[in-house]
Amino acid sequence: MIEVLIADDHPIVRHGLRSALSDTPDIHVRDEASDGPEVLEKVRIQDFDVILLDLAMPTMNGFDVLKEIMLEKPRSKVLILSTYPEKQYAVRCLKAGALGYLTKESAATELLEAIRRTSQGR
């Protein structure tokens, strides 16, 4: 079972992702976070197979959260899910330690496959 943390500031997005992932027998949403400090707090006390991280969050943006996660828990597997165009942000996120980058326009099947691949370190 792949244990996932969903980090997004929009409750409806978190709910939609949780709902989409609930139909998948090998993926379980263990927890959710609505801003950067909450993500870091949860990552510090729990281990997740995949952290599904939005870049545009209040208080602390997802890119800064990613850098902090990589400093504190460098083996964390982070998949970025963002509205920002891939070309502009993906390389920066991958260099900072994310294993993948998807835009929110991606199909649900792409997201499921990306979560599975990320959980395997690919």
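Atom set for the values below is all heavy atoms of this structure, side chains included, hydrogens, waters and symmetry mates excluded.
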Peer 1: If you measure from CG on Asp47 to NZ on Lys42, what distance do you get to the nearest 0.5 Å?
Peer 2: 14.5 Å
Peer 1: Main chain of Val43, side chain of Gln46: is a donor-acceptor contact present, judged purely on distance under 3.5 Å?
Peer 2: no
Peer 1: For a 4.5 angstrom cut-off between non-hydrogen side-chain atoms, does Leu40 reach Met60?
Peer 2: yes
Peer 1: Going by heavy atoms in the side chains, are Ser82 and Lys104 under 4.5 Å from each other?
Peer 2: no
Peer 1: Give the C-alpha distance, both sets of side-chain angles, the deciding distance and a yes or no for side chain to side chain contact (heavy atoms under 4.5 Å, CB included) between Leu112 and Leu21.
Peer 2: CA-CA 8 Å; Leu112 294 174; Leu21 298 175; 3.4 Å; yes
Peer 1: Is there side-chain contact between Leu17 and Val29, with heavy atoms separated by less than 4.5 Å?
Peer 2: no
Peer 1: Could you state the interatomic distance from CE (Met1) to OG (Ser119), rounded to the nearest 0.5 Å?
Peer 2: 12.0 Å
Peer 1: Run Ser76 and Ile51 through side chain to side chain contact (heavy atoms under 4.5 Å, CB included) and show every step you take.
Peer 2: CA-CA 8 Å; Ser76 295; Ile51 301 165; 4.2 Å; yes
Peer 1: I'd like to check Leu79 versus Leu111 (side-chain heavy atoms, cut-off strictly below 4.5 Å). Are they in contact?
Peer 2: yes
Peer 1: Can you get from Leu5 to Phe63 by hopping between Ile, Leu, Val, Met, Phe, Trp and Tyr side chains that sit under 4.5 Å apart?
Peer 2: yes
Peer 1: Less than 4.5 Å apart, any side-chain heavy atom of Tyr101 and any of Leu99?
Peer 2: no
Peer 1: Knowing that exactly one of Val4, Asp31, Val78, Ile2 qualifies, which makes a side chain to side chain contact (heavy atoms under 4.5 Å, CB included) with Phe48?
Peer 2: Asp31
Peer 1: Name the one of Thr118, Asp49, Ile69 that satisfies side chain to side chain contact (heavy atoms under 4.5 Å, CB included) with Lys77?
Peer 2: Thr118
Peer 1: Looking at Arg116 and Asp26, is any side-chain nitrogen of the basic one under 4.0 Å from a carboxylate oxygen of the acidic one?
Peer 2: yes
Peer 1: So does Ser34 get a backbone contact from the side chain of Glu38, meaning a donor-acceptor N/O pair under 3.5 Å?
Peer 2: yes
Peer 1: Can you find a heavy atom in the side chain of Val65 that is under 4.5 Å from one in the side chain of Leu53?
Peer 2: yes
